[in-house]
Amino acid sequence: MLIVKKIKIGQFAALMCSCVLVVGLSGCGGGGGSSGSPSSKSPPGSSVSSSSTSSLSSDSSSSSSSSSSSSSSVPESVTYTVVVDIPASLQVDSPAEKGAQKAKRLSAAVAKADFLTANHFAIVCVDLSGQIMDVVKAQQVSKNEDDSWNLTVPLVPRLDCLVIVQISHPIELGVDENLDRVEALFAPLLSDKVGVSVFSTVAYIQLMNELGGSGSFEDAGIDTTDTQNLVAFDQAMTNMTILLEEQEEPGGSTLPEILDNAESLVAPLVEQEVVNIKNPTTNTALDLVRDGGGMHIFNSDYYGITYRAVVGSTVTDQRYSGSDFVPNADEYLDRSFILGDSGWEQKSGKAKVDLASSEDGAVVLVDTAASAEQITYKVIQGFSLSGRKIADVLKANPNTSALAALVDPNAVFPANTNGYRVQVSNPQLYVIFYEPGAADGSCFMLPDMLASDANDNCNQQELRLDKNIFLRPAVTYESLFSPNVPVNSPGSVTLAVGAVGTGSYIYRLDVQLLNDGSHTARFYARSWESWDVPNHLRLIATGTWREITLPNGNPALYFDYPQAVLNEADVWSLQTYEAYAVQDGYVRHLWVVPPAVQQPSLLALDSVARESVINAMKKTAAACFNPASYEVGARLTATYRYFWSFGGENDQFYEAEVKEPVEFEGGFAYQLAEQYGPPGGPADSEVKYFDVDFSKKQITQFGTKVVETSWVPDHLKEQVYTPGKLFRFDLKEGESFTQTYTTTTSPEVQINTSVTTTFVGIESVSVPKGTYQACRFNDGDRSIWYEVGTGVKLKTLETSGTSIELVTSSGKGFAF
């Protein structure tokens, strides 16, 4: 068995992938990027060469060996793009340090291996025990500007061949050596995009062990050049890498400790992938959709779990409410504009199957209102799910890993159920995103920026002119450009595209696009107009812009952010480029989406497997989390009835509205402005300060300020909660959490509180307004019921017997 314990392994944020922004679907993965499966120019079955010792510093070919994988034919060369990710603890400043470890704090997510040279790389082919059968010399090795490497090798993609990176010193390897004596990182050559990292190294080791750990791949029944095998292994490596990126970096002060920790993370994922590979099944997306019960795809986004069913010509999109799957509400629909043959078309956010365009077993989906919006589903791997634990399968796939936590851990798939890896691809797309703004019509929490200023779309661009004059929205393409004059001097124009800095001073990231012959783009850290450092201006980098012609003949402006800008700035669009075009009479941000195979692939289920997942799902408190309740402008008007434990009852009115964020205790928080009191009587008022994590479905209340009251003493009118009172709607049925916080009412008065909250489940509750399905929480000495869907608080029951129950209401509900 191959047990490697001396392999230098890398940082957990493995770069086996490059990110591609795609409308509606985006992701990050390895194995081909936009080029898909192994190059069609590289037929399988090429020869590999060997020598006694080798690195990649030479261009010469080596002599052939008697290895079973050799042949006399001349192989076709393939250029592999290799990204190396090395942990900070293994960084060295130069080759001269010869393996000395020097800890570094990295500002970027990926460690830059600046000290690597061509002599640190090697290509080898191995058997399942890790014994090196061949060493292949590279014809050319070169470093790219983004710190990746191009290795041109007379070798097509193979399961048994690896790129090895020796990070401490130049590498020399010979035939019959074993990987357990090689202090290096490595990854298999499954496609022309290769990511070498800690997890690619450990994952490959464990894959070989699961396949027997001895003998050749052929002995284990694995054809190392078969296209389907390459795709299956590539998807396995890609999916594991993406899932492991979400984990904490494996700790340890020594290599064996780090390796052991990494192995414990990788093992359960490798186990699932090997079962997939050993239990293949075949089907096409088109056959599944037409008469196979459909393709069923669970996924997750910022707001929670989603579900798509593709059956016949119908596409159904739903979202998990916490109790069941319900149709997508309008606020979740993507209404972006797509440039089609007839001009800009606004998407409906709903899809249908275009059977006329579906061919070669693939299925094409189009938006019902914008046919230019297309995605293609193609099955690239199928496998049996029969008898396997549902949670384990879901956990091993990026699109279903979040769902795994919601299913019964002991539930299994029944007999004759299958899963499929579905490759998703898109054509060239030009997209203008649509953002209608908050409930009050404001854009991006700016009360003076309104969607109505630009045909009800917050996708609009602000111009900063000389004398710190701001103009928005921009309406002409020409207005984006500036003459070659100093910033803030007469005639100058800049565009705000992000923020720079942390702590006391955060500056704007402004770009000045010069209408000179060189198409110069200057990127500045610049003070905001109201800041106490009004004249701060620092040139970060200089780049270029270019003009592209859209399919409708209109121009669009495009520029890439220089790496120096990306290293220190927070780009608001979260992109490495920016593009602008005029649409509907206004300058809009443009997404330029190249044709691409999206990564990762998606796990799809047949209809029986889908039903098994739904039956195994637990109910969660997400059923009572209403994201719309926490948008600026959201309101609730209600009447509650107090039933006192000592007898008697009375009504109180309650009104609340979410206001824009303000500074509170050194940070920024949303405001919930409340009024309450007896109907027709005097009203008390207060403001609660909070923030929302929509992805986690959690609300944190930072404090309360009483504005008007006839009964609260002065020293209690302001309360600050440290670190904050947490309201969690991500709990599963029966799950609890305990929080501790300090309430400060004045410099001298502090109260420490520890409370345990349990989500009991979803049950029926009756109040004066009616009977409703509600989420019940036991919170310390009280129980609270929130209505499913709206999130309106229906009832509070104290252990003393006093209850507060809803009589009337309209609007949104709030957690506090």
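Here CD of E435 is found 7.0 Å from SG of C443. Values are rounded to the nearest 0.5 Å. Within the model, atoms OH of Y642 and CH2 of W644 stand 6.5 Å from one another, a figure rounded to the nearest 0.5 Å. Of the inter-residue distances, the one linking Q719 atom CD with Y689 atom OH reads 12.5 Å to the nearest 0.5 angstrom. Here the CD-CG distance, from E655 to L636, works out to 9.0 Å after rounding to the nearest 0.5 Å. Atoms CD and OH, from Q318 and Y307 in turn, are 6.5 Å apart once rounded to the nearest 0.5 Å. With rounding to the nearest 0.5 angstrom, the CD atom of Q675 is 10.5 Å from the CD atom of E657.
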For this session: For the pair Y580 and L495, evaluate side-chain contact (heavy atoms from CB on, under 4.5 Å) and give the outcome as yes or no after the intermediate values.
Result: CA-CA 11 Å; Y580 300 91; L495 286 66; 3.7 Å; yes
For this session: For S348 and D367, run side-chain hydrogen bond (donor to acceptor under 3.5 Å, both in side chains): C-alpha distance rounded to whole Å, both residues' side-chain angles, the deciding distance at 0.1 Å, then the answer.
Result: CA-CA 7 Å; S348 67; D367 186 86; 3.3 Å; yes
For this session: For the pair F668 and D691, evaluate side-chain contact (heavy atoms from CB on, under 4.5 Å) and give the outcome as yes or no after the intermediate values.
Result: CA-CA 8 Å; F668 283 87; D691 197 9; over 6 Å; no
Exercise. Between R508 and E462, does a salt bridge (charged side-chain N to carboxylate O under 4.0 Å, His left out) hold up when you go through it step by step?
Worked result: CA-CA 13 Å; R508 284 168 50 126; E462 175 184 82; 3.3 Å; yes
Exercise. Are E805 and S803 close enough, and set up right, to give a side-chain hydrogen bond (donor to acceptor under 3.5 Å, both in side chains), and what steps lead you there?
Worked result: CA-CA 6 Å; E805 302 180 13; S803 67; 3.2 Å; yes
For this session: Could you walk me through whether Y630 and F694 pass side-chain contact (heavy atoms from CB on, under 4.5 Å), step by step?
Result: CA-CA 9 Å; Y630 304 100; F694 289 98; 4.2 Å; yes
For this session: Determine, step by step, whether E674 and L672 satisfy the side-chain contact (heavy atoms from CB on, under 4.5 Å) criterion, reporting the C-alpha distance in whole Å, the side-chain angles of both residues, the deciding distance to 0.1 Å, and the verdict.
Result: CA-CA 6 Å; E674 299 178 315; L672 183 66; 3.7 Å; yes
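Take K725 and apply the salt bridge (Lys or Arg N to Asp or Glu O under 4.0 Å) test, not counting sequence neighbours, and it matches no residue. Residues that satisfy the side chain to side chain donor-acceptor pair (under 3.5 Å) test with Y561, not counting sequence neighbours, are E578. Judged as a ring-ring contact (aromatic ring centres under 6.0 Å, His included), and not counting sequence neighbours, the contacts of F727 are F816. By the salt bridge (Lys or Arg N to Asp or Glu O under 4.0 Å) test, D779 pairs with R782, sequence neighbours left out. Under the side chain to side chain contact (heavy atoms under 4.5 Å, CB included) criterion, V487 pairs with T494, Q512, Y524, R526, L537, not counting sequence neighbours. Take F643 and apply the ring-ring contact (aromatic ring centres under 6.0 Å, His included) test, not counting sequence neighbours, and it matches no residue. Not counting sequence neighbours, the partners of D730 by the salt bridge (Lys or Arg N to Asp or Glu O under 4.0 Å) test are R728. Shown here are the side chain to side chain contact (heavy atoms under 4.5 Å, CB included) partners of L465, two or more places apart in sequence or in another chain: L463, I469, L471, V493. With sequence neighbours excluded, the residues forming a salt bridge (Lys or Arg N to Asp or Glu O under 4.0 Å) with E735 are K732, listed by chain and number.
Minimum heavy-atom separation, N626 to G791: CB-N, 4.5 Å. Residues F433 and H589 share a closest heavy-atom pair of CE2-CB, 3.9 Å. Scanning both residues, I762 and G322, for their nearest heavy atoms gives CD1-O, 4.0 Å. Shortest non-hydrogen contact noted between G437 and C458 is CA-SG, 3.6 Å. Summarising the geometry of N488 relative to K467, their closest heavy-atom pair is OD1-N, 2.9 Å, with the distance given to 0.1 Å. When all heavy atoms of S323 and A623 are compared, the pair lying nearest together is N-CB, 3.8 Å.
Contact annotation: the side chain of S573 never approaches that of W591 to less than 4.5 Å [non-hydrogen atoms, C-beta and beyond]. Residues Q739 and V755 have side chains in contact (heavy-atom distance under 4.5 Å, counting atoms from C-beta outward). Residues Q773 and S764 form a side-chain contact, since some pair of their non-hydrogen atoms from C-beta on lies under 4.5 Å apart. Two residues are said to be in side-chain contact when any heavy atoms from C-beta on lie closer than 4.5 Å; V807 and K769 fail this criterion.
At least one donor-acceptor pair closer than 3.5 Å links the side chain of T802 to the backbone N or O of S645. Judged by distance alone, with hydrogens and angles left aside, the side-chain atoms of N399 form no donor-acceptor pair with the main-chain N or O of N299 at under 3.5 Å. Between the side chain of R776 and the main chain of V760, no donor-acceptor pair closer than 3.5 Å is present. Remark: side-chain polar atoms of T400 are paired, donor with acceptor, to backbone N or O of L394 under 3.5 angstrom. Judged purely by atom type and a 3.5 angstrom limit, R335 uses its side chain to pair as donor or acceptor with the backbone of K347. No donor-acceptor distance shorter than 3.5 angstrom exists from the side chain of Q346 to the backbone of A369, with no hydrogens or angles considered.
Ring geometry for F337 against Y434 counts as perpendicular: the plane angle is over 60°, on a 0 to 90° scale with 30° as the lower cut. In this structure, Y741 and Y721 have perpendicular ring planes: the angle between them is above 60°, well past the 30° mark.
Judged as a disulfide bond (SG atoms under 2.5 Å apart), the pairs with a partner in residues 762-816 (not counting sequence neighbours) are, in order, C624-C775. Under the salt bridge (Lys or Arg N to Asp or Glu O under 4.0 Å) criterion, no residue pair touches residues 322-332, with sequence neighbours excluded. The salt bridge (Lys or Arg N to Asp or Glu O under 4.0 Å) pairs that include a residue from residues 450-461 number zero, where partners must be two or more places apart or lie in different chains.
For the residue pair T639/T808, the side-chain donor-acceptor check at 3.5 Å is satisfied.
Note that R538 lies outside the cation-pi zone of Y507, set by a 6.0 Å cut-off to the ring centre and a 45° limit from the axis.
Annotation: Y670 is in aromatic contact with F690 [ring centroid separation under 6.0 Å]. Aromatic pair F729/F777: centroids less than 6.0 angstrom apart. Ring centroid separation for the pair F325 and F298 comes in under the 6.0 Å cut-off.
Atom NZ of K350 has 12 or fewer heavy atoms from other residues, nucleotides or ligands within 6.0 Å.
Each of L480, L590, V587 was evaluated against V582; a single residue qualifies, V587, per the side chain to side chain contact (heavy atoms under 4.5 Å, CB included) test.
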